[in-house]
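Note sheet for the following structure.
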Amino acid sequence: MAQKRIAAINDISGFGKCSLTVALPILSALGCSTSVVPTAVLSTHTGEEFSGYTYRDLTPDLNDFLAHWLRLGLSFDAIYSGYLGSFAQIDMVSGMFESFKSANTIIMVDPVMGDNGKLYSLYTPQMASELSSMCKKADIITPNITEAAFLTGMPYKEAPHSREYIIELMKRLFEFGCKHVVITGVCLSEDEIGVACGSLGSSIAFFMEGRYKAFYSGTGDIFASALLGLMLKGLNLECAAELAAKYITRCIERTWSSGVPHFYGINFEEELPWLFSQMSSV
Ligand code: PXL
């Protein structure tokens with residue numbers, strides 16, 4: 001199988017383990033050749049763990065950056081977008097999908113915009129509504145519950161979530177026209193957390209794992225990166241989502257039991273060999 005090429009569009013948060021600093025190692029470990037489009041450079045992510053972070057919005061560079069890639073005639077097997085640095089970038093990145101895709105390119109949009117019912121500090125309601133339009137261009141979207149609620153206009157509900165609520169969110173997300181939808185952070189009971197995933201026209205599968213009542217930034221990025229890498233290895237959506245959910249749970253378990261302060265982020269690195277080992281058995 002030819003090596004898969006990915007363009008990952010996301011920010012660089014210097015400290016805190018999210019975005020490109022997790023996408024690159026995970027996708028590389030899964031054998032993908034990954035190029036990056038940095039959307040912003042920050043000293044840390046913008047989560048509640050940190051205040052006073054620096055923020056450099058790379059919007060002014062983005063058009064020239066992509067124009068150069070266009071002159072090089074590049075194309076990718078997958079284009080994966082995450083945290084965007086400004087409202088204007090949403091349109092630029094949507095345009096990029098058209099310019100760099102070929103017949104079989106997977107467009108994956110992780111509509112990163114918030115968590116725990118709230119938008120991230122640099123995101124505005126206008127960005128949230130524009131991201132809905134961007135999701136319409138994707139083959140796969142991977143919102144968490146907060147993002148799914150913002151995208152669909154449905155109310156945000158705290159855990160535990162009823163199956164009916166998740167199924168209704170799914171139904172409305174499929175109206176965007178994506179082939180695959182994966183909702184993360186689904187809790188069907190107080191002690192379980194996992195994902196709901198479905199492909200157009202098929203039933204919805206839930207993959208639940210044990211829940212640690214600790215919140216770690218970067219969880220969604222680690223999950224989405226593993227999901228994409230596994231799909232590019234040839235796993236179907238359900239198998240990839242189930243394995244990615246197991247992987248992130250192992251990472252959280254390891255981090256939680258280490259006692260390292262949670263702002264250091266998730267120890268996803270030391271579970272990569274396990275993820276890799278699972279590949280030989282599928
Ligand atoms: O993990 C999502 C994320 C990505 N990038 C930045 C963030 C966050 C979440 O807080 O602040 C800059």
Side-chain angles (χ1 to χ4, degrees), residues 7-27 34 36-59 61-62 79-90 92-93 108-125 127-128 130-131 134-135 138 140-151 156 182-185 193 195 212 214-229 244-245 247-249 251-252 255 261-269:
I9 307 152
N10 220 323
D11 70 273
I12 300 172
S13 290
F15 182 81
K17 292 207 258 190
C18 64
S19 316
L20 288 178
T21 66
V22 307
L24 267 173
I26 293 171
L27 292 168
T34 309
V36 299
V37 180
T39 57
V41 179
L42 302 87
S43 51
T44 66
H45 61 67
T46 66
E48 280 166 10
E49 298 92 318
F50 304 115
S51 59
Y53 49 80
T54 65
Y55 183 76
R56 176 150 325 252
D57 172 9
L58 295 181
T59 307
D61 295 288
L62 205 60
I79 304 176
Y80 160 31
S81 82
Y83 187 98
L84 301 183
S86 67
F87 180 84
Q89 283 188 8
I90 302 176
M92 295 178 186
V93 170
M108 184 165 107
V109 172
D110 187 6
V112 175
M113 59 174 126
D115 223 327
N116 299 315
K118 292 189 294 220
L119 290 177
Y120 292 135
S121 62
L122 299 177
Y123 267 64
T124 61
M127 286 175 85
E130 196 69 4
L131 273 170
M134 188 171 158
C135 285
I140 313 178
I141 56 173
T142 57
N144 60 28
I145 301 277
T146 303
E147 291 153 353
F150 274 105
L151 291 172
Y156 166 77
V182 182
I183 303 181
T184 61
I193 189 160
V195 300
Y212 289 78
F215 176 81
Y216 289 101
S217 291
T219 308
D221 302 331
I222 294 169
F223 173 82
S225 304
L227 178 79
L228 180 62
Y247 168 62
I248 187 72
T249 305
C251 297
I252 290 173
T255 310
H262 87 295
F263 62 84
Y264 278 96
I266 295 175
N267 182 349
F268 67 95
E269 299 91 338

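When a ligand or atom number is given, it counts from 1 through the structure's own listing order. All values reported here derive from a predicted model rather than from experimental measurement. Both backbone and side-chain heavy atoms feed into the values below; hydrogens, waters and symmetry mates do not. In what follows, residues are counted from 1 in the order of the sequence shown.
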List in chain and number order the residues that pass side chain to side chain donor-acceptor pair (under 3.5 Å) with Asp221, two or more places apart in sequence or in another chain; answer none if no residue qualifies.
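For Asp221, no residue satisfies side chain to side chain donor-acceptor pair (under 3.5 Å) once neighbours in sequence are set aside.
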
List in chain and number order the residues that pass side chain to side chain donor-acceptor pair (under 3.5 Å) with Thr59, two or more places apart in sequence or in another chain; answer none if no residue qualifies.
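Asp57, Ser86, Gln89.
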
pair Thr44-Ser13: side-chain heavy atoms closer than 4.5 Å:
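When only atoms from C-beta onward are counted, Ser13 and Thr44 do not touch, as no gap falls below 4.5 Å.
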
Partner set under ring-ring contact (aromatic ring centres under 6.0 Å, His included) for Tyr123, not counting sequence neighbours:
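Listed in chain order: Tyr83.
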
Protein residues having a heavy atom less than 4.0 Å from any atom of ligand 1
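Lining ligand 1: Asp11, Ser13, Cys18, Ser19, Leu42, His45, Thr46, Gly47, Tyr83, Val112, Tyr120, Gly218, Asp221.
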
For the residue pair Phe263 and Phe15, categorise the inter-ring angle as parallel (less than 30°), tilted (30 to 60°) or perpendicular (more than 60°).
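Aromatic pair Phe263/Phe15 classed tilted.
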
Crowded around Glu269 CD? As in, over 12 foreign heavy atoms under 6.0 Å?
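Yes, CD of Glu269 has more than 12 neighbouring heavy atoms, counting only those of other groups under 6.0 Å.
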
